[in-house]
Amino acid sequence: MFAREALTYTTLPLPDRVDLTDEEMRTAASEFYDVMRKRHTVRDYTDQPVPRDIIERCIETAGTAPSGANHQPWHFVAVANPALKQRIREEAEEEERRFYEGGAGDEWIKALEPIGTNAVKEHLTIAPWLIIVFAQRWGQFEDGTRYKNYYVPESVNIATGFLLAALHHAGLSTLTHTPNPMRFLNEALGRPASEKPTMIIAVGHPAPDATVPQVAKMKKPMDQIATILE
């Protein structure tokens with residue numbers, strides 16, 4: 001994508017222009033809010049398969065996110081292979097055991113109590129897909145020389161948000177998981193040293209008896225999350 005001879009500034013007319021009235025915008029904003037407020041982090045899954053093309057299209061949606069210098073410094077690895085999922089679970093649970101056995105401070109463990117988490121991560125093998133998000137710290141031109149990526153964490157975080165919204169919009173449930181450290185994922189998935197794993201996302205259908213922590217429904221009101229200055 002980034003050839004040396006193509007690093008010039010050119011423009012084209014704004015494509016795919018959206019032109020809505022105020023009322024249409026108001027309706028669209030409310031409808032999207034109604035969709036997203038039904039998104040829940042789910043820890044209990046069925047093993048019901050999810051077609052690959054749905055996962056691919058949601059990842060394509062993530063790839064439309066804005067990024068620093070348009071370098072798109074992300075890579076998504078979608079895993080359905082049972083043996084790979086088992087390996088990821090085993091190594092993630094090892095890191096989680098260290099976390100819960102003293103790696104995290106008392107305050108952090110206390111903060112997690114209302115969520116009900118522990119070192120057992122069954123969802124990593126039961127959910128039909130795991131999507132591992134990697135941040136690319138640098139890229140390479142066709143001749144192999146490196147170029148720097150910019151605003152990498154910000155860019156990858158935005159793309160991950162797009163991905164979670166796309167998966168929810170497609171009718172799927174998700175769980176974000178961040179064992180620390182996650183370097184084992186590079187070896188398990190064959191990713192280069194230039195990439196840093198940032199998140200494991202379990203994707204699938206919720207179990208019939210799936211639950212969510214009551215605290216998960218406690219969202220801050222508008223006046224606590226935003227300041228409007230006119």
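Heavy-atom basis, side chains included; hydrogens, waters and symmetry copies ignored. All residue numbers in this chain count up from 1 along the given sequence. The model shown is predicted, which means the values in this text are computed figures rather than measured ones.
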Distance-only donor-acceptor hits, side chain of residues 156-180, under 3.5 Å, sequence neighbours excluded:
{"residue": "N157", "atom": "ND2", "partner": "P153", "partner atom": "O", "Å": "3.1"}
{"residue": "T160", "atom": "OG1", "partner": "V156", "partner atom": "O", "Å": "2.8"}
{"residue": "H168", "atom": "NE2", "partner": "V35", "partner atom": "O", "Å": "2.6"}

Hey, does the side chain of N81 reach the backbone of L84 with a donor-acceptor pair shorter than 3.5 angstrom?
-> yes

Can you find a heavy atom in the side chain of R89 that is under 4.5 Å from one in the side chain of H123?
-> no

With sequence neighbours left out, which residue pairs that include part of residues 189-210 fulfil the ring-ring contact (aromatic ring centres under 6.0 Å, His included) condition?
-> none

From F76 atom CZ to I132 atom CD1, the distance as rounded to the nearest 0.5 Å = 11.5 Å

Indicate yes or no: at least one non-hydrogen side-chain atom of T46 is less than 4.5 angstrom from one of P208.
-> yes

Could you tell me whether the side chain of Q72 and the main chain of S67 form a donor-acceptor pair under 3.5 Å?
-> no

For W138, the ring pair (Phe, Tyr, Trp, His ring centres under 6.0 Å) test, sequence neighbours excluded, returns none

Indicate the ring-plane relationship of Y147 and H71, choosing parallel, tilted or perpendicular according to the 30° and 60° boundaries.
-> perpendicular

Closest non-hydrogen atom pair between Y150 and A69, with its separation | CD1-CB, 4.2 Å

If two hydrophobic side chains count as joined below 4.5 Å and joins carry through other members, does M199 share a cluster with V79?
-> no

Taking atom CD of E101 and atom CD1 of I109, what is their separation to the nearest 0.5 Å?
-> 10.5 Å

More than 12 non-hydrogen atoms from neighbouring residues, nucleotides or ligands closer than 6.0 Å to CD on E187, yes or no?
-> no

Any chance NZ of K196 has more than 12 other-residue heavy atoms, nucleotides or ligands included, within less than 6.0 Å?
-> no

Partner residues of H40 under the ring pair (Phe, Tyr, Trp, His ring centres under 6.0 Å) criterion, sequence neighbours left out | none

May I ask you to decide if V50's main-chain N or O and W129's side chain share a donor-acceptor pair within less than 3.5 Å?
-> yes

Residues forming a side-chain hydrogen bond (donor to acceptor under 3.5 Å, both in side chains) with R183, sequence neighbours excluded | N186

Is a side-chain N or O of S155 found less than 3.5 angstrom from the main chain of Y151, in a donor-acceptor match?
-> yes

Could you check if a side-chain atom of R43 sits within less than 4.5 angstrom of a side-chain atom of T117, using non-hydrogen atoms only?
-> yes

Donor-acceptor pair, N149 side chain versus Q136 backbone, under 3.5 Å?
-> yes

What is the distance from atom CZ of R137 to atom CZ of R146, rounded to the nearest 0.5 Å?
-> 9.5 Å

Tell me, which pairs form a salt bridge (Lys or Arg N to Asp or Glu O under 4.0 Å) where one or both residues lie in residues 53-80, sequence neighbours left out?
-> R52-E56, R57-E60

Does T61 offer a backbone N or O that forms a donor-acceptor pair with the side chain of T64 under 3.5 Å?
-> yes

Roughly how far, to the nearest 0.5 Å, is the CE atom of M36 from the CD atom of E31?
-> 14.5 Å

side-chain contact (heavy atoms from CB on, under 4.5 Å) assessment of L124 paired with I200 = CA-CA 9 Å; L124 294 178; I200 302 170; 3.9 Å; yes

All heavy atoms of Y45 vs all of A127, minimum pair found to be CG-CB, 4.0 Å

Do F184 and V77 belong together in a cluster built from hydrophobic side chains that touch within less than 4.5 Å?
-> yes

Evaluate salt bridge (Lys or Arg N to Asp or Glu O under 4.0 Å) for K110 paired with E107, printing each intermediate quantity in order.
-> CA-CA 5 Å; K110 187 68 174 177; E107 184 177 1; over 6 Å; no

After noting the C-alpha distance and the side-chain angles of W74 and T198, does the key distance pass the side-chain contact (heavy atoms from CB on, under 4.5 Å) rule?
-> CA-CA 10 Å; W74 46 66; T198 65; over 6 Å; no

Rounded to the nearest 0.5 Å, the CD atom of E24 sits from the OG1 atom of T27 at a distance of 7.5 Å

Using the test side-chain hydrogen bond (donor to acceptor under 3.5 Å, both in side chains), find all partners of D34 that sit at least two apart in sequence or belong to another chain.
-> R37

Provide the full list of salt bridge (Lys or Arg N to Asp or Glu O under 4.0 Å) pairs with a residue in residues 161-178, sequence neighbours left out, each pair given once.
-> none

Only counting residues at least two apart or in another chain, list the ones meeting ring pair (Phe, Tyr, Trp, His ring centres under 6.0 Å) with F99.
-> W108

Looking only at non-hydrogen atoms, find the nearest pair between Y100 and L112 and report the distance.
-> OH-CD1, 3.9 Å

Of all residues at least two apart in sequence or in a different chain, which pass the salt bridge (Lys or Arg N to Asp or Glu O under 4.0 Å) check with R98?
-> E94, E95

Under 3.5 Å, which donor-acceptor pairs link side chains of residues 215-227 to any protein atom two or more places apart or in another chain?
{"residue": "K219", "atom": "NZ", "partner": "A216", "partner atom": "O", "Å": "3.3"}

E90 bridged to R87 by N-O distance under 4.0 Å | no

Residue pair I88, K85: steps toward the side-chain contact (heavy atoms from CB on, under 4.5 Å) verdict = CA-CA 5 Å; I88 290 171; K85 291 197 297 177; 5.6 Å; no

Transitively linked via ILVMFWY side-chain contacts under 4.5 Å: L130 with I59?
-> no

Sorted by chain and number, sequence neighbours left out, salt bridge (Lys or Arg N to Asp or Glu O under 4.0 Å) with R39 holds for none

